Asker: 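Would you mind keeping the following structure in view while I ask a few things?
All chains are named by letter (A, B, ...) in the order of the sequence lines, taking the proteins before the strands, and each is independently numbered beginning at 1. The structure displayed is predicted, hence computed values, not measured ones. Both backbone and side-chain heavy atoms feed into the values below; hydrogens, waters and symmetry mates do not.
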Amino acid sequence: MKRNRVIAALVVMAGVFGWLLFGGLEKNVVFFLTPKELLAKGTDGVGVAVRLGGQVKPGSVQWDAKTLDLRFTVTDGAREMAVRSTGAPPQMFRDGMGVIVEGRVGAGGVFEATNLMVKHSNEYRAPKPGEEAHEKYKTLIKQTGP
Amino acid sequence: MPAPDRSLDARPARPPRTSPWMGVAAILVLAATQAYSISTSPAEGDMGHLQKIMYVHVPAAWMTFLAFFVVLVFSVKYLWKGREDDDLVAASAAEVGATLNGLTLVLGMIWGRPAWGVWWVWDARLTSTLVLFLIFAGYLALRAFVDDEQQRARWSAAVGAIGAINVPIVYMSVKWWRTLHQPPSSPATLDPAYTMGLRINAFALLFVMIFFIRKRYEIARLERAAEHAAEAAALGAP
């Protein structure tokens, strides 16, 4: 009786482990593609669910606070891709920040994002004297409002 | 005249006792290092005061690794020498390690929601850390299911020794694979204002962890002694 429960527990453990490793994780070992990699796929990359990662190209952010329409360009230094997203972005979203967007490339070559994530680097810096810590998204909304 | 009982006399009459004051001191030190680092470190350039979650999240992750290392060492030692005490140390470290692993995950989620915009993603770092938690949980579940002491010790030592493989995988995941989670920070990528806080909190949490592992081990010893005594009584000393 006890022995059966042990075996059942081990089977469940092995199953969960296997699922995570080969089902959940394998798909995500390359968690996102860079613009260069996604563009290299050509038409194979259009219309399929994919994650795109890179840096928000400085100066590319356009945010309409009324329609919550957010447009920006993601770059990997080599290639870049226009992204359209809706909804308020995460607090740390801003020019020059790392981002990962989930969605698919539309017919027009614009990446239609259903989910926007900010990717932080491993650097933690205090603001220099006289500089304020950014409270990014508040200022983003204020600055680009109507 | 029956001879006095044998089996229990081989063990020390009074098992080692960690003073509860060590626990009080450990908690106080941790409270002090938290208060110090929270009050002295400036708001971070990108994420403001959110950065302060680092002072528990990162040390908790380090101590999770360390706890599993203790499980590994004492599991191997048990498999080699077969001493009951080694099994109990490994089990105690696994309980404390599982708690710290859970703390790491929960704090990471609380940090991720405002910083990344999501509570959870299935990237290699987060997934492998969850797998580590499941290995801890599986190890403890296995112990709960097996009645025979020797069998339990042997099986769980095998799980503890093999499961430790995942620790370097968790650590290296952000270097081997592309993830949402950032790679480890180092003094080069961390302002000195944050480095100090991280270090002292790591030491404080180490102190707390050592206390709990010791205490849990001592309790496990007492439980085991009580079980042996009950067994001896049930068998009916002549």
Asker: Out of B:P114, B:P42, B:G117, B:A115, return the one with the most heavy atom pairs under 4.5 angstrom to chain A.
Answerer: B:A115

Asker: What part of B:P192 lies closer than 4.5 angstrom to a heavy atom of chain A: side chain, backbone, both or neither?
Answerer: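 It is neither, since no heavy atom gets under 4.5 Å.
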
Asker: Looking at B:V174, B:D191, B:T195, which has the largest count of heavy-atom pairs under 4.5 Å with chain A?
Answerer: B:D191

Asker: Can you say whether B:L190 sits under 4.5 Å from chain A via the side chain, the backbone, both, or neither, judging by heavy atoms?
Answerer: both

Asker: Would you confirm whether B:R178, through its side chain, and A:F31, through its main-chain N or O, come within 3.5 Å as a donor-acceptor pair?
Answerer: no

Asker: Tell me whether B:E44 contacts the main-chain N or O of A:A126 through its side chain, where contact means a donor paired with an acceptor under 3.5 Å.
Answerer: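 No; zero donor-acceptor contacts below 3.5 Å.
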
Asker: Hey, can you tell me if B:W111 and A:Y124 have their rings parallel, tilted or perpendicular (30° and 60° cut-offs)?
Answerer: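 Tilted.
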
Asker: Please output the residues of residues 59-69 of chain B in contact with chain A, using a heavy-atom cutoff of under 4.5 Å, in numerical order.
Answerer: none

Asker: Please determine, among B:A193, B:A141, B:P184, the option with the most heavy-atom pairs under 4.5 Å with chain A.
Answerer: B:P184

Asker: For the CZ atom on B:R143, are there more than 12 heavy atoms of other groups (residues, nucleotides or ligands in this structure) within a distance under 6.0 Å?
Answerer: yes

Asker: With a 3.5 Å cut-off and sequence neighbours excluded, list the donor-acceptor pairs that the side chains of residues 6-14 of chain A form with protein atoms.
Answerer:
none

Asker: Below 4.5 Å from any heavy atom of chain A, which atoms of B:A188 appear? Answer side chain, backbone, both or neither.
Answerer: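 Interface part for B:A188: backbone (N, CA, C, O).
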
Asker: Once rounded to the nearest 0.5 Å, what's the spacing between atom CG of B:D46 and atom CE of A:M97?
Answerer: 4.0 Å

Asker: Would you find more than 12 non-hydrogen atoms of other residues, nucleotides or ligands less than 6.0 Å from B:M196 atom CE?
Answerer: no

Asker: Minimum heavy-atom separation for B:T179 and A:K119, please, with both atom names.
Answerer: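 Between these two residues, the closest heavy atoms are O-NZ, 2.9 Å.
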
Asker: Using every non-hydrogen atom in the two residues, find where B:V118 and A:N115 come nearest and quote the distance to one decimal.
Answerer: CG1-ND2, 3.8 Å

Asker: Taking B:M54, B:Q182, B:Q151, B:Q51 one by one, which has the highest count of heavy-atom pairs under 4.5 Å against chain A?
Answerer: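 Most heavy-atom pairs within the cutoff with chain A belong to B:Q182.
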
Asker: What are the two closest non-hydrogen atoms of B:P183 and A:N122, and how far apart are they?
Answerer: O-CB, 3.1 Å

Asker: Got a sec: does the CD of B:Q150 have more than 12 other heavy atoms crowding it under 6.0 Å?
Answerer: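 No, because the 6.0 Å sphere around CD of B:Q150 holds 12 heavy atoms or fewer from other groups.
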
